[in-house]
J.: 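Let me give you the structure first, and then I'll get to my questions.
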Amino acid sequence: MACDPRVTLGPLVLRNPVLTASGTFGYGLEFEPYFDVASLGGICTKGLSLLPRVGNPPPRLCETASGMLNAIGLANVGVDAFCADKLPHLRARGITVIANLFATSVEDFAALARRLESEEGIAALEVNISCPNVDKGGIAFGVDPVMAATVTAAVKKASRRPVWIKLSPEAGRIAEIACACEEAGADALCAINTIRGLAVDPETWEPRLANRTGGLSGPAIKPIALRMVWEVARAVKIPVVGIGGIASADDAIEFLLVGASAVQVGSASFRDPCAPREVLEGMLRYGERRGMNLRDLVGKARL
Ligand SMILES: Cc1cc2nc3c(=O)[nH]c(=O)nc-3n(C[C@H](O)[C@H](O)[C@H](O)COP(=O)(O)O)c2cc1C
């Protein structure tokens, strides 16, 4: 049987369950020389803010065992430049775009959502309430259920688009935050963002990142991400998008089995720019081999 790769995420149907994770795939266009980005379920843009941001000083990335630390600090071109210079090309290529939003206040999150209302070619908003690498905003919203719900409700009110909330692994009880966002109207939840870590150079005694701490990503965080996706998926009725260390089709299938309806490939694209396509192709082969649609795997782990 041919595998039907389509997945439904609340009001949105994606052509397949493989997306790229915010901040690891630029604005999508950078990867066009490597493969047909429109063949993916979608791309999550680098976090967009109302004004352009230069981010943190370098060094901003360092490799660790089975992963990497980053402290980019949400460097981005700003929402206006994104709409003027990137979005028309993404639209012309038929790429499904999820706009990832970052702000330091509830009002600014709502203003970002409103700014995008008049733009065509955005399938959903992914609200980052979980960035560990900025002084203001970010993670502060993601570790408090009342704040998380307030941001969710404000963005929902400001936009006609589906609203996905990206959860922080640093919330003590991630399921509690997930439920608060669901109640406030979120259409889907994405889990997880990076986990704060630290690395020091033993020769210079200096931190390896100028920001000192950074967010850990890659295969090192996959078991934590799987446990959190499982906890969130059991707690809510809305779909969950699984993120964290996905580098192969088997990794992605693990996430579906514990309850994710779709996945995002992040740091793996640094090692191999074709990683998202390879994950997708492997998943399709898995579905065909088993005579199953990928959506029928969701939550089927014997847990
Ligand atoms: C260099 C880098 C930049 C990132 N920037 C963002 C961002 O702007 N917004 C966001 O929501 N997540 C951002 N993330 C987090 C990723 O989207 C993802 O949640 C995390 O890296 C875990 O997935 P992975 O292990 O597959 O990389 C970033 C991650 C990395 C490595």
Side-chain angles (χ1 to χ4, degrees), residues 19-32 37 40 42-61 68-91 93 95-119 121-142 151 154-155 158-159 161 163-168 190 193-194 196 209-211 213-215 217 243 264-267 269-270 273 276:
L19 300 113
T20 58
S22 175
T24 64
F25 206 70
Y27 300 96
L29 300 165
E30 297 86 338
F31 288 74
E32 281 277 288
V37 175
L40 297 175
I43 65 147
C44 298
T45 66
K46 175 66 190 162
L48 300 170
S49 46
L50 280 175
L51 297 174
R53 289 173 63 103
V54 291
N56 292 326
R60 313 202 281 193
L61 285 177
M68 61 192 248
L69 284 172
N70 92 80
I72 305 292
L74 292 155
N76 79 99
V77 296
V79 69
D80 289 334
F82 170 76
C83 292
D85 305 334
K86 316 282 183 194
L87 191 54
H89 299 288
L90 293 163
R91 210 165 37 218
R93 286 168 174 73
I95 295 170
T96 301
V97 177
I98 318 296
N100 180 287
L101 308 185
F102 170 76
T104 55
S105 70
V106 176
E107 294 70 31
D108 283 359
F109 270 116
L112 269 168
R114 262 195 309 277
R115 167 65 186 84
L116 293 173
E117 274 301 272
S118 56
E119 303 290 334
I122 295 172
L125 307 179
E126 183 183 55
V127 182
N128 178 7
I129 57 165
S130 47
C131 181
N133 302 320
V134 285
D135 291 338
K136 263 183 83 194
I139 211 162
F141 295 110
V151 174
V155 175
S159 179
R161 297 201 161 95
V163 173
W164 303 0
I165 305 293
K166 185 157 174 183
L167 301 176
S168 171
C190 305
N193 209 317
T194 54
R196 259 176 306 179
L209 298 176
N211 188 55
T213 60
S217 62
I243 322 166
Q264 295 179 11
V265 177
S267 306
S269 294
F270 282 68

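Numbers here are sequence positions counted from 1.
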J.: So, does Ser130 use its side chain to make a donor-acceptor pair with the main chain of Lys166 at under 3.5 Å?
T.: yes
J.: My understanding is that only residues two or more places apart in sequence, or in another chain, count here; which of them pass side-chain contact (heavy atoms from CB on, under 4.5 Å) with Leu19?
T.: Leu14, Ile98, Trp164, Val241, Ala262, Gln264
J.: Name every donor-acceptor pair, under 3.5 Å, that has one atom in a side chain of residues 108-118 and the other anywhere in the protein, sequence neighbours excluded.
T.:
residue: Arg115; atom: NE; partner: Asp80; partner atom: OD1; Å: 2.6
residue: Arg115; atom: NH1; partner: Glu119; partner atom: OE2; Å: 3.0
residue: Arg115; atom: NH2; partner: Asp80; partner atom: OD1; Å: 3.2
residue: Glu117; atom: OE1; partner: Arg160; partner atom: N; Å: 3.2
residue: Glu117; atom: OE1; partner: Arg160; partner atom: NE; Å: 3.3
residue: Glu117; atom: OE2; partner: Ser159; partner atom: OG; Å: 3.1
residue: Glu117; atom: OE2; partner: Arg160; partner atom: N; Å: 3.3

J.: Any non-hydrogen side-chain atom of Val97 less than 4.5 Å from a side-chain atom of Phe82?
T.: yes
J.: What is the minimum heavy-atom distance between Cys190 and Ile243, and which atoms define it?
T.: CB-CD1, 3.9 Å
J.: Looking only at heavy atoms, what is the nearest atom pair of Ile122 and Ala99, with distance?
T.: CG2-CB, 4.0 Å
J.: Please find the pair of heavy atoms, one from Thr20 and one from Pro276, that lie closest to each other, and give the distance.
T.: CG2-CG, 3.8 Å
J.: Distance check, rounded to the nearest 0.5 Å: Leu48 atom CG versus Asn100 atom CG?
T.: 7.0 Å
J.: Within the 4.5 Å heavy-atom criterion, are Leu90 and Ile43 side-chain neighbours or not?
T.: yes
J.: Any chance you could measure Ser168, atom OG, to Arg196, atom CZ, to the nearest 0.5 Å?
T.: 7.5 Å
J.: Once rounded to the nearest 0.5 Å, what's the spacing between atom OG of Ser22 and atom CG of Leu74?
T.: 8.0 Å
J.: Nearest 0.5 Å please: distance from the OG atom of Ser105 over to the CG atom of Leu50.
T.: 8.0 Å
J.: Could you please spell out the steps behind the side chain to side chain contact (heavy atoms under 4.5 Å, CB included) verdict for Val127 and Phe141?
T.: CA-CA 10 Å; Val127 182; Phe141 295 110; over 6 Å; no
J.: With heavy-atom distances below 4.5 Å as the criterion, would you say the side chains of Phe25 and Val37 are in contact?
T.: yes
J.: Could I get the full list of side-chain contact (heavy atoms from CB on, under 4.5 Å) partners for Arg93, not counting sequence neighbours?
T.: Leu29, Glu32, His89, Ile95
J.: Minimum heavy-atom separation for Arg60 to Ala75, with atom names?
T.: NH1-CB, 3.9 Å
J.: With no hydrogens and no angle check, is any side-chain donor or acceptor of Asn76 less than 3.5 Å from a backbone partner on Ser49?
T.: yes
J.: For Ile72 versus Lys46, what's the shortest heavy-atom pair and its separation?
T.: CG2-NZ, 4.1 Å
J.: Which atom names give the shortest non-hydrogen contact between Leu209 and Gly214, and what distance separates them?
T.: CD1-CA, 3.6 Å
J.: Quick one: does any side-chain atom of Thr45 pair with a main-chain N or O of Tyr27 as donor and acceptor, under 3.5 Å?
T.: no
J.: Return the CD1 to CD1 distance between Ile129 and Ile165, rounded to the nearest 0.5 Å.
T.: 5.5 Å
